[in-house]
Amino acid sequence: MSTNQELSRVFDQMAAALELLGANPFRANSNERVARVLRDMTEDVRAFVAADPETARRRLEELTGIGKGSAAKILEYVETGKLAEHEELMAKVPRGLFAVLEVPGLGPKAVKLMWDELGITSLDELTARLATDPQAVAALPRMGMKKVESIRKGLAFSAHAHERTPLGRALPLALRLRDELGAVPGVKRVDYAGSLRRGRESIGDLDFLAAGGDLGAAAERFTTLPEVTEVLAHGDTKCSVRLAAEGVAIQADLRLVPAAAYGAALLYFTGSREHNVRLREIAVRRGMRLNEYGLFQGTDERPQDSGTTPVAAATEEEIYAALGLPYVPPELREDRGELAGVPARLIEAGDVQAELHAHTTASDGKLSIAELAAAARARGYHTLAVTDHSPSQVIAGGLTVERLLEHAEKVRAADAEVDGITILAGAEVDVLPDGRLDYEDEVLARLDVVVASPHAALGQDPKTATARLLKAIRHPLVHVLGHPTGRMIGRRGGLSPDMGALFAAAARHDVALELNANWHRLDLRDVHVRGALEAGCKIALDTDAHREADFDMLVYGVLTARRAGLEPAACVTAWSAEKLHGWLRSKR
DNA sequence: GCCGTTTTCGGCCCGACTGTTTTCAGTCG
């Protein structure tokens with residue numbers, strides 16, 4: 001685990017402990033915020049504290065959400081490996097209570113009450129007490145048998161409560177359901193919102209929003225879809241169901257909203273929660289009130305109930321404008337400083353014109369050179385690099401030097417034959433555990449494109465991993481560092497190198513960092529792409545295609561890239577043929 | 001604990017829903 005991850009856990013634990021001890025809730029909240037800022041940071045705190053502690057302290061204090069107190073705590077933890085306040089708090093709160101706090105329906109007040117009055121300090125103790133003596137729990141203030149029942153249900157559900165669905169499974173399902181709902185007569189508009197609309201790499205549940213005439217029909221359709229396994233709620237303005245389809249089990253909500261307030265509702269249900277909080281704070285400062293019904297003049301409670309006409313409500317754009325803010329695309333709504341300014345134009349799928357990372361049947365792909373080229377050309381690409389695996393990838397059919405050179409000949413022959421696209425001879429060469437590459441330099445020099453990627457020894461410690469990847473970046477024949485961490489979402493964490501050092505080296509040596517669009521990977525991840533851009537790096541948005549349908553993975557990479565603020569100019573695969581080819585040749 | 005284009009002190013987003021209540025606290029998103 002990186003130091004940033006360790007620290008964000010420390011602050012999260014302090015926040016939970018403060019809640020359980022009944023401290024000032026705003027103090028607990030600010031610890032949570034520090035945890036989030038640390039999670040989103042692209043730089044390794046350990047590295048920049050080591051470089052110069054006083055500069056580090058000043059730069060930490062400049063971050064919104066981190067003040068003098070928290071900055072000092074971060075330094076204390078990095079320099080000594082522990083934090084006195086954290087240890088004091090952990091000594092006061094039994095460890096098992098943190099798991100109890102995770103049970104849906106149980107919050108800090110109820111957990112503290114059961115701890116104080118009944119001595120319950122773990123999930124096991126809670127389960128046992130509910131089995132043997134539910135009346136004792138029901139008799140506590142503001143409890144009752146219904147509350148006991150809901151805790152029982154929450155306990156049964158809590159093992160799965162935090163499971164998230166990968167973006168690549170959630171998006172196709174959501175698109176299909178959106179189209180089904182949109183086809184219901186009377187429905188004028190349907191969108192998915194929530195973390196899916198923001199393009200997060202994994203999704204908690206699906207949120208749909210509908211407006212139009214007969215919304216009862218939309219609700220009826222939604223709750224009787226063939227994928228529905230359970231209807232959780234079916235009201236006038238909201239329906240909730242559980243869905244199972246294509247290996248995905250997920251909760252989905254449909255909200256029915258009036259067309260006049262569609263933008264306010266879309267803004268509200270898209271989130272993130274933290275972004276919405278910032279917007280409402282700005283509204284209050286300007287003497288207005290923002291909720292899911294609109295932006296209202298004045299700060300009265302529930303202005304929508306008194307028939308007040310909102311200042312803005314129909315579209316998201318007019319709400320941002322009325323707040324005096326730039327329109328923020330959904331992917332950037334994470335309270336990571338987006339209200340201070342957004343990129344002029346985020347990258348779109350249509351901007352991508354080249355694929356620099358793709359495999360054929362020569363290694364582990366499913367397409368011939370000609371088929372791969374046809375698939376790339378069909379998507380309007382001007383350039384395709386054929387980059388099969390190197391010898392260390394035995395399972396993937398990595399090519400020996402002899403086979404590689406033969407393969408490159410065939411690629412060049414295909415390039416001469418096929419019109420409308422340039423086919424380049426390349427390789428995805430392994431970055432070996434010690435940072436050497438899997439082909440000799442004289443072999444690499446004969447290729448048009450070299451993508452260097454780590455595949456093995458992904459459990460290396462951060463220091464070794466940093467040295468390994470730096471060596472690959474400094475190699476003069478490398479164009480792209482492929483899926484730099486090697487992580488697989490939900491399966492393995494991959495390498496945790498010092499990203500700041502990688503970004504600085506990649507910028508200096510003119511190596512593009514890959515954003516691998518395959519939804520199992522999304523590597524680099526969003527915050528790392530952002531860090532890379534801040535350091536002046538180029539990004540190669542690639543699909544790592546092994547079969548035709550893999551080209552469609554681009555959409556996941558684009559969403560991730562947009563979350564990082566990527567503009568077309570910084571993306572080598574969005575460049576014109578002339579510019580891209582010139583850059584590739586500059587390394588030969 | 002953090003923050004400031006009204007503030008360095010006194011605030012800190014907003015509404016729905018549930019279950020417990022005679023007016024509202026707790027939880028959730």
Side-chain angles (χ1 to χ4, degrees), chain A residues 11 14-15 17-19 22-37 60-74 85 89 100-114 137-151 153-154 157 161 193-195 198 203-207 209 232-233 235-238 240 251 253 255-257 261 264-265 267-296 299-305 323-324 333 335 340:
Chain A
F11 277 91
M14 291 200 293
L18 287 166
E19 284 187 315
N24 177 355
F26 298 106
R27 195 176 146 208
N29 191 273
S30 71
N31 277 280
E32 267 173 37
R33 186 154 186 214
V34 173
R36 192 167 56 81
V37 171
L60 283 167
E61 285 179 27
E62 279 169 12
L63 295 171
T64 306
I66 298 184
K68 276 193 187 307
S70 295
K73 287 172 202 171
I74 291 168
E85 184 184 343
L89 286 168
V100 179
L101 206 47
E102 298 291 308
V103 175
L106 281 182
K109 295 283 166 56
V111 173
K112 181 169 169 26
L113 194 59
M114 293 191 293
V137 178
L140 293 171
R142 305 204 67 82
M143 295 281 210
M145 280 315 286
K146 279 194 175 175
K147 190 76 196 170
V148 166
E149 257 326 293
S150 89
I151 295 172
K153 278 188 190 153
F157 190 64
S195 53
R198 302 201 310 279
I203 310 304
D205 51 34
L206 298 177
D207 292 302
L209 214 59
L232 301 170
D236 291 342
T237 61
K238 178 185 162 180
S240 279
Q251 182 176 328
D253 297 341
R255 323 261 173 171
L256 309 170
V257 306
L267 185 63
Y268 174 80
F269 289 113
T270 297
S272 69
R273 202 171 145 232
E274 290 79 8
H275 178 83
N276 287 343
V277 169
R278 296 296 150 248
L279 291 183
R280 286 180 227 147
E281 282 173 355
I282 288 166
V284 169
R285 261 183 264 142
R286 290 170 181 259
M288 295 187 279
R289 192 178 184 93
L290 177 64
N291 60 30
E292 58 263 51
Y293 302 101
L295 176 66
F296 297 88
T299 52
D300 295 347
E301 281 184 26
R302 304 191 58 85
Q304 65 274 15
D305 289 349
L323 286 168
R333 299 180 194 168
D335 187 29

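To find a chain, count down the sequence lines: A is the first, B the second, and so on, and within it residues start at 1. Keep in mind the model is a prediction, meaning the values are calculated, not measured.
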Fill in: Atom pair distance, as rounded to whole Å: CG in A/Asp205 and P in B/dG29
8 Å

Worksheet item: B/dT20 and B/dC28: how far apart are their P atoms, nearest whole angstrom?
Response: 16 Å

Discussion item. Rounded to whole Å, please give me the gap between CZ in A/Phe269 and C1' in B/dC14.
Written reply: 12 Å

Worksheet item: So which nucleotide does B/dG11 pair with, by the Watson-Crick or G-U wobble rule with both distances under 3.5 Å?
Response: B/dC2

Discussion item. I'd like to know if A/Lys146 and A/Glu149 make a salt bridge, using a cut-off of under 4.0 Å between side-chain N and carboxylate O.
Written reply: no

Worksheet item: Which whole number of Å gives the distance between the C1' atom of B/dC3 and that of B/dT8?
Response: 9 Å

Item to complete: Measure from CG on A/Asp253 to C1' on B/dA16 and round the result to the nearest Å.
Response: 12 Å

Discussion item. What is the distance, to the nearest angstrom, from the CZ atom on A/Arg273 to the P atom on B/dT27?
Written reply: 13 Å

Fill in: Rounded distance (Å) that lies between atom P of B/dG29 and atom CD1 of A/Ile203
15 Å

Worksheet item: Quick check: does any side chain N or O of A/Thr270 sit under 3.5 Å from a backbone N or O of A/Ala193, one acting as donor and the other as acceptor?
Response: no

Worksheet entry | Pairwise 5' ranking along DNA chain B for A/Asp207 and A/Val277, keeping only the more 5' one | A/Val277

Discussion item. Would you measure the distance from the P atom in B/dT6 across to the matching atom in B/dC2 and give it in whole Å?
Written reply: 24 Å

Worksheet entry | Distance in angstrom units between A/Glu32 CD and B/dG29 C1', rounded | 13 Å

Discussion item. Counting the atoms with a prime plus P, OP1 and OP2 as sugar-phosphate, which does A/Leu106 contact under 4.0 Å by heavy atoms, base, sugar-phosphate, or nothing?
Written reply: sugar-phosphate

Worksheet item: Expressed as a whole number of Å, how far does the P atom of B/dG15 sit from that of B/dG10?
Response: 26 Å

Discussion item. If I take atom OH in residue A/Tyr293 and atom C1' in nucleotide B/dG15, what distance separates them, rounded to the nearest angstrom?
Written reply: 7 Å

Worksheet item: Which is true for A/Glu292 with a 4.0 Å heavy-atom rule: it touches a base, it touches only sugar-phosphate, or it touches nothing?
Response: sugar-phosphate

Discussion item. So A/Arg289, base contact, sugar-phosphate only, or nothing? Heavy-atom distance under 4.0 Å.
Written reply: sugar-phosphate

Worksheet item: At their closest point, which heavy atom of A/Glu19 faces which heavy atom of A/Pro108, and how far apart are they?
Response: CB-CB, 3.7 Å

Worksheet item: Side chain of A/Arg333, backbone of A/Arg198: donor and acceptor closer than 3.5 Å?
Response: no

Item to complete: Heavy atoms under 4.0 Å is the rule here; annotate nucleotides 1-10 of chain B 5' to 3' with B where the base is hit, S where only the sugar-phosphate is, and - elsewhere.
Response: BSS-------

Worksheet, complete the sentence: Given the 90°-from-0 boundary between syn and anti, B/dT21 should be labelled anti

Practice prompt. Indicate yes or no: at least one non-hydrogen side-chain atom of A/Arg289 is less than 4.5 angstrom from one of A/Glu301.
Written response: yes

Fill in: Minimum side-chain heavy-atom gap A/Asp335-A/Arg36 below 4.5 Å
yes

Worksheet item: Taking 4.0 angstrom as the limit, do A/Arg27 and A/Glu85 come out as a salt bridge?
Response: yes

Discussion item. Base contacts versus sugar-phosphate-only contacts with protein, heavy atoms under 4.0 Å: please encode nucleotides 17-23 of chain B as B, S and - from 5' to 3'.
Written reply: --BS---

Fill in: Upstream residue (5' side of DNA chain B) when A/Leu101 and A/Gln304 are each assigned their closest nucleotide
A/Gln304

Worksheet item: How many Å lie between CG on A/Asp305 and C1' on B/dC14, as a whole number?
Response: 13 Å

Item to complete: Would you check if A/Met143 and A/Met114 make a side-chain contact, meaning some heavy-atom pair closer than 4.5 Å?
Response: yes

Discussion item. Taking only the P atom of each, what is the distance from B/dT23 to B/dT18 in whole angstrom?
Written reply: 22 Å

Worksheet item: Which value, in whole Å, describes the distance between the C1' atoms of nucleotides B/dC9 and B/dC14?
Response: 25 Å

Discussion item. What I'd like to find out is whether the side chain of A/Leu290 reaches to under 4.5 Å of the side chain of A/Tyr268, using heavy atoms alone.
Written reply: no

Fill in: Shortest non-hydrogen contact between A/Asp207 and A/Phe269, atoms and distance
OD2-O, 4.4 Å

Worksheet item: If we only count heavy atoms from C-beta on, is the A/Ser70 to A/Leu60 side-chain gap below 4.5 Å?
Response: no

Discussion item. Students often get this wrong, so: under 4.0 angstrom with heavy atoms, is A/Ala110 touching a base, only sugar-phosphate, or nothing?
Written reply: sugar-phosphate

Response to the item:
From the candidates B/dA16, B/dC12, B/dG26, the one with an atom nearest any side-chain atom of A/Lys109 is B/dG26

